[in-house]
Amino acid sequence: MSALDRLAATVAARAAADPDGSWTAKLLARGPEKCAEKFGEEAVEAVIEAVKGDRDRLTAEAADVLYHLLVMLQARGVTLDEVLAELDRRAGTSGLEEKAQRGD
């Protein structure tokens, strides 16, 4: 089991925890919109560190992004396995072709 799988399992388990004792449960209790907002904040912080070129800070912020992505997905009932299945479905398809199929 990868670190990402373990983190996804922890997020899923904490969804039922007491919000007073778990940051994950507290975020989830605030609703999907707040989870999405927090994910967006973390993504912006990662972008800032990428622009600055601080490798260590980018690594830390990227970890925060992955955690908050999993929390946001949990808030909407989407599993990591579903996301990974979508990535598998797209494997071998060029990004340009995939975007054209979506009409982007």
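Both backbone and side-chain heavy atoms feed into the values below; hydrogens, waters and symmetry mates do not.
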Peer 1: Could you go through Thr59 and Asp56, starting from their C-alpha distance and side-chain angles, then the distance that decides it, and tell me whether this counts as side chain to side chain donor-acceptor pair (under 3.5 Å)?
Peer 2: CA-CA 5 Å; Thr59 300; Asp56 291 338; 5.3 Å; no

Peer 1: Write down the atom of Gln74, the atom of Ala12, and the distance for their closest heavy-atom approach.
Peer 2: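 The pair with the smallest heavy-atom distance is OE1-CA, 3.4 Å.
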
Peer 1: Hey, does the side chain of Ser22 reach the backbone of Asp18 with a donor-acceptor pair shorter than 3.5 angstrom?
Peer 2: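 Not at all, since once roles are kept as given, no pair shorter than 3.5 Å links the two residues.
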
Peer 1: Please report the interatomic distance CD(Glu37) to CD(Glu41), rounded to the nearest 0.5 Å.
Peer 2: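 That separation rounds to 5.0 Å.
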
Peer 1: For Ala29 and Pro19, which heavy atoms make the closest approach, and how far apart are they?
Peer 2: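 Answer, listing the atom of Ala29 first, then Pro19: CB-CG, 4.0 Å.
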
Peer 1: List, by chain and then residue number, the residues other than Leu27 in its hydrophobic cluster (Ile/Leu/Val/Met/Phe/Trp/Tyr, side-chain heavy atoms under 4.5 Å); write none if there are no others.
Peer 2: Leu4, Leu7, Val11, Trp23, Leu28, Phe39, Val65, Leu66, Tyr67, Leu69, Leu70, Val71, Met72, Leu73, Val78, Leu80, Val83, Leu84, Leu87

Peer 1: Would you compute the distance between atom NZ of Lys38 and atom NE2 of His68 and round it to the nearest 0.5 angstrom?
Peer 2: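 Those atoms lie 5.0 Å apart.
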
Peer 1: Got a sec, which residues hit side chain to side chain contact (heavy atoms under 4.5 Å, CB included) with Glu49, two or more places apart in sequence or on another chain?
Peer 2: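 Once residues adjacent in sequence are excluded, the partners of Glu49 under the side chain to side chain contact (heavy atoms under 4.5 Å, CB included) criterion are Lys52, Asp54, Arg57, Leu58, Glu61.
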
Peer 1: Let me confirm one number: the CZ-CD distance from Arg76 to Glu33, rounded to the nearest 0.5 Å.
Peer 2: 5.0 Å

